Amino acid sequence: MMRLPVVTTLMGKGAFPASHPLNLGPVGMHGAKYSNLAMTEADLIVSAGARFSDRVTGRLSEFAPHADVIHIDIDPAEIGKVREAQVPIVGDLKGVLDALLEQLEKDGAAPQSQEWVDRINAWRERYPFYHPNLGDDDAEIVPELVMKELSAQLDPARSIVVTEVGQHQMWAHQFIDREVPRSFLSSGGLGTMGFGFPASIGAAIAQPGKAVVCVAGDGSFQMNSQEMATAAINGVPVKVLILDNRALGMVHQWQKLFYDRRYSQTLLDENPDFVKLADAYGWQGERVEGPAEVPAAIARMLAAKGPYLLDVKISREQSVYPMVAPGAALDDTMGAIDVAVGAVRTDMPAGVSPGAPSPCASIDAQFGGRWEAEPGDEGERADASPESEDPVSEDGEGE
């Protein structure tokens, strides 16, 4: 009605249709640059059930500096816990939004946002998530394109995507379109590796008429790979797509970017052969190692009658971009594509100089375990005791 642009957190994916022109998609640490710019430049934020986690806000003191906040949440403890709300509303979201729409209609309210939407659309065209002219190695599988292909082959109304935790989770969040609620299941908050595969078995049992695909990493999948027996014994036709980089990818990425490539406990060269593992459990399975193989392999996976594992080989040097470094402001984005300068990733990190402090070097317990570059970065918090702070981030690190 009011033509307000919409961004979504990891846990809110699917609440607003991806195909809607006002959907800007993910926001925050791995959100689109245009989404993060929209939040930074906004003069009003209507927070519908979101809790302003550190993965969404970036440096809190610089988050949405021009914005008033209308914060709607069924839990009064969430209101103003992180960001002060000028208009706090406690209640069930459906009832509150229905009442707001009714009041706007009574007042004869009309949208006044076209200039703002046009500005955001210009950012969207300039800073896309991916661009075919990026210059990726033609012989290497690009995880972003794997997720786009999976999204294109899924019927949004008749499919459920479940993720494990790590890089693959963020690529799925960025590139898999969802049109309806409860069609994208992921472990936010604790960010629990090993959640996705058992959850996908449960989803397939609960929704037998829908295709259920678990997007996993090779590390996360091994947390509960024994549940392949559960799927085989009970005839659950769940599909597992592994983005296999032989690493704990997200931690590996942080060690590369912020710890001068000092890799510790993140290399998984001795992983099993997942196709042989699938065969041992009575599953169908295959491995793909070249980009040209991906579309047909995904089609075979989705067409299979029983459980199926697709092992997709990617380089461990692949990183999730764009990225807002811990402690950085939301509009301080590294690795965003800028078509204005030739479709290249801009503001790429140069790495950490020997002896230089990492932006992840300390966690300020005073602010509930949030990553902070400076101890005084309180932002516009309402008064709250440290004990009341929730130390869990929206989308945990994991793999």
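This one's a predicted model, so the numbers in the text were calculated from it and none came from an experiment.
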Inset, instruction - Just do the side chain to side chain contact (heavy atoms under 4.5 Å, CB included) check on R246 and E270 with the steps written out, would you? - result: CA-CA 8 Å; R246 290 303 200 249; E270 304 306 320; over 6 Å; no
Legend entry - Residues S113, M2; criterion side chain to side chain contact (heavy atoms under 4.5 Å, CB included); working and verdict: CA-CA 8 Å; S113 59; M2 300 304 294; over 6 Å; no
Legend entry - Passing candidate, side chain to side chain donor-acceptor pair (under 3.5 Å) with S159, options Q153, K210, Q207, R178: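 Of Q153, K210, Q207, R178, side chain to side chain donor-acceptor pair (under 3.5 Å) with S159 is met by R178 alone.
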Legend entry - Partner set under ring pair (Phe, Tyr, Trp, His ring centres under 6.0 Å) for Y127, not counting sequence neighbours: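 Partners of Y127 under the ring pair (Phe, Tyr, Trp, His ring centres under 6.0 Å) test: none.
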Legend entry - Partner set under ring pair (Phe, Tyr, Trp, His ring centres under 6.0 Å) for F197, not counting sequence neighbours: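 Ring pair (Phe, Tyr, Trp, His ring centres under 6.0 Å) check on F197 returns F221, W283.
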Beyond-backbone contact of [X] with [Y], side-chain heavy atoms, under 4.5 angstrom:
{"X": "R83", "Y": "T57", "answer": "no"}
{"X": "Q253", "Y": "V320", "answer": "yes"}
{"X": "N23", "Y": "V7", "answer": "no"}
{"X": "V339", "Y": "E125", "answer": "no"}

Legend entry - Polar contact flag, side-chain donor to acceptor under 3.5 angstrom, E179-S19: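 Per modelled atom types, E179 and S19 side chains form a pair under 3.5 Å.
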Inset, instruction - Assess the side chains of Q222 and D218: does a donor N or O sit below 3.5 Å from an acceptor N or O? - result: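 Looking only at side-chain atoms, D218 and Q222 do not form any donor-acceptor pair under 3.5 Å.
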Keeping the roles fixed (side chain from [X], backbone from [Y]), state whether a donor-acceptor pair exists under 3.5 Å.
{"X": "T40", "Y": "N36", "answer": "yes"}
{"X": "S183", "Y": "V180", "answer": "yes"}
{"X": "K33", "Y": "R126", "answer": "no"}
{"X": "E164", "Y": "G194", "answer": "yes"}
{"X": "Q169", "Y": "G166", "answer": "yes"}
{"X": "D273", "Y": "K276", "answer": "yes"}

Testing the basics here: between [X] and [Y], what is the closest heavy-atom pair and its distance to 0.1 Å?
{"X": "A172", "Y": "K13", "answer": "O-CE, 3.9 Å"}
{"X": "T163", "Y": "S186", "answer": "OG1-OG, 2.7 Å"}
{"X": "H131", "Y": "A343", "answer": "ND1-CB, 3.6 Å"}

Inset, instruction - Test side chain to side chain contact (heavy atoms under 4.5 Å, CB included) on E84 and V69 and set out the steps. - result: CA-CA 7 Å; E84 180 183 357; V69 174; over 6 Å; no
Inset, instruction - Can you label the angle between the H20 ring and the F16 ring as parallel, tilted or perpendicular, going by 30° and 60°? - result: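 Rings of H20 and F16: tilted, as their planes differ by 30° to 60°.
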Legend entry - Qualifying side chain to side chain donor-acceptor pair (under 3.5 Å) pairs, either residue in residues 64-75, two or more places apart: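 Pairs touching residues 64-75 that pass the test: none.
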Legend entry - Nearest-0.5 Å distance, SG of residue C214 to CZ of residue F195: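 Spacing of SG (C214) from CZ (F195) equals 9.5 Å.
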Inset, instruction - Show the numbers, then the answer: is there a salt bridge (charged side-chain N to carboxylate O under 4.0 Å, His left out) between R316 and D269? - result: CA-CA 11 Å; R316 65 168 57 126; D269 290 314; 2.7 Å; yes
Inset, instruction - Would you check, one step at a time, whether the test side chain to side chain contact (heavy atoms under 4.5 Å, CB included) holds for E317 with H252? - result: CA-CA 9 Å; E317 292 305 310; H252 185 272; 4.0 Å; yes
